[in-house]
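What follows is a short report on a single structure.
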Amino acid sequence: MRSRYIIFADDDADDLELITGFFKQYNRNINVLEFKDGKEVLKFLDDFALNATPLLVVLDINMPRLNGKETLAAIRKNPKYQYIPVVIYTTSNNAIDEDYCRELGASWVSKSSTIEVVKQVAKVLAEFCELQNHK
């Protein structure tokens with residue numbers, strides 16, 4: 001079954017609303033599922049992604065209960081989900097965190113305080129998902 005959704009996980013409601021809102025403007029064909037932490041993401045994957053994995057998972061690093069790095073590690077440990085593209089979308093500028101996430105195959109994108117940059121990030125993510133959806 002072809003995936004028609006992506007996952008965004010961020011505990012900052014404003015950041016989540018901004019990036020997902022712009023994403024939806026650029027790609028209306030793909031459902032956007034929003035989560036507040038990594039535990040919610042993993043529970044969703046375990047409960048509902050049996051037949052269709054997401055096109056993309058976007059994680060903030062600094063989330064409660066299960067942060068982005070821990071969530072990424074759990075995704076990569078599961079053979080069913082280890083190849084899902086993951087983007088870390090964060091305010092962190094910690095090089096150790098970035099190296100760790102890249103070693104696990106995730107892309108790293110720094111959050112911006114300018115609307116134009118957030119729009120551009122959303123556009124790139126939307127275009128990536130559209131390409132993935134047509135594979």
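Heavy-atom basis, side chains included; hydrogens, waters and symmetry copies ignored.
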Would you indicate whether the side-chain heavy atoms of [Y] and [X] approach each other to under 4.5 Å?
| X | Y | result |
| --- | --- | --- |
| Tyr81 | Asp46 | yes |
| Thr91 | Asn62 | yes |
| Asp60 | Ser92 | no |
| Leu55 | Ile30 | yes |
| Ile7 | Ile84 | no |
| Leu59 | Val86 | yes |
| Ile88 | Arg102 | no |

Pairwise distance [atom1]([X]) to [atom2]([Y]) - rounded to 0.5 angstrom:
| X | Y | atom1 | atom2 | result |
| --- | --- | --- | --- | --- |
| Leu72 | Leu104 | CG | CG | 4.5 Å |
| Ser112 | Leu18 | OG | CG | 10.0 Å |
| Glu116 | Thr114 | CD | OG1 | 7.0 Å |
| Cys101 | Arg76 | SG | CZ | 10.0 Å |
| Glu40 | Asp47 | CD | CG | 12.0 Å |
| Met63 | Asp12 | CE | CG | 12.0 Å |

Hey, is NZ on Lys24 packed in by over 12 heavy atoms from elsewhere, all under 6.0 Å? yes
Give a yes or no on whether Glu17 atom CD has more than 12 heavy-atom contacts from other residues, nucleotides or ligands under 6.0 Å away. no
Shortest non-hydrogen contact between Ala74 and Leu42, atoms and distance: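 Minimum heavy-atom contact is CB-CD1, 3.5 Å.
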Sub-3.5 Å donor-acceptor pair from the side chain of [X] to the main-chain atoms of [Y], do we have one?
| X | Y | value |
| --- | --- | --- |
| Tyr89 | Lys111 | no |
| Tyr5 | Ala52 | yes |
| Asn67 | Glu70 | yes |

When you look at Thr71 and Lys69, which way does the side-chain contact (heavy atoms from CB on, under 4.5 Å) test go after all the steps? CA-CA 5 Å; Thr71 306; Lys69 292 188 317 183; over 6 Å; no
Please say which of Ile61, Asp99, Val87 ends up in a side chain to side chain contact (heavy atoms under 4.5 Å, CB included) with Trp108.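 Testing each of Ile61, Asp99, Val87 against Trp108, the sole residue satisfying side chain to side chain contact (heavy atoms under 4.5 Å, CB included) is Ile61.
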Using the rule given for side-chain contact (heavy atoms from CB on, under 4.5 Å), can you reason through Ile75 versus Gln82, listing the C-alpha separation, both sets of side-chain angles and the distance that settles it, and then say yes or no? CA-CA 6 Å; Ile75 288 170; Gln82 66 186 0; over 6 Å; no
Side-chain donor-acceptor contacts of residues 118-125 below 3.5 Å, not counting sequence neighbours, with atom names and distances?
none

Between Tyr83 and Leu131, is there shared hydrophobic-cluster membership here, with clusters defined by ILVMFWY side-chain heavy atoms closer than 4.5 Å? no
Verdict with supporting geometry, Phe128 and Leu56, side-chain contact (heavy atoms from CB on, under 4.5 Å): CA-CA 9 Å; Phe128 172 81; Leu56 176 68; 4.1 Å; yes
Salt-bridge test for Lys36 and Asp11: reply yes if a basic N is under 4.0 Å from a carboxylate O, no otherwise. no
Go through Tyr100 and Ile96 one step at a time and tell me if the side-chain contact (heavy atoms from CB on, under 4.5 Å) criterion holds. CA-CA 6 Å; Tyr100 175 82; Ile96 294 170; 5.5 Å; no
Can you confirm if the aromatic rings of Phe8 and Phe35 lie within a centre distance of less than 6.0 Å?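 That pair fails the under 6.0 Å test.
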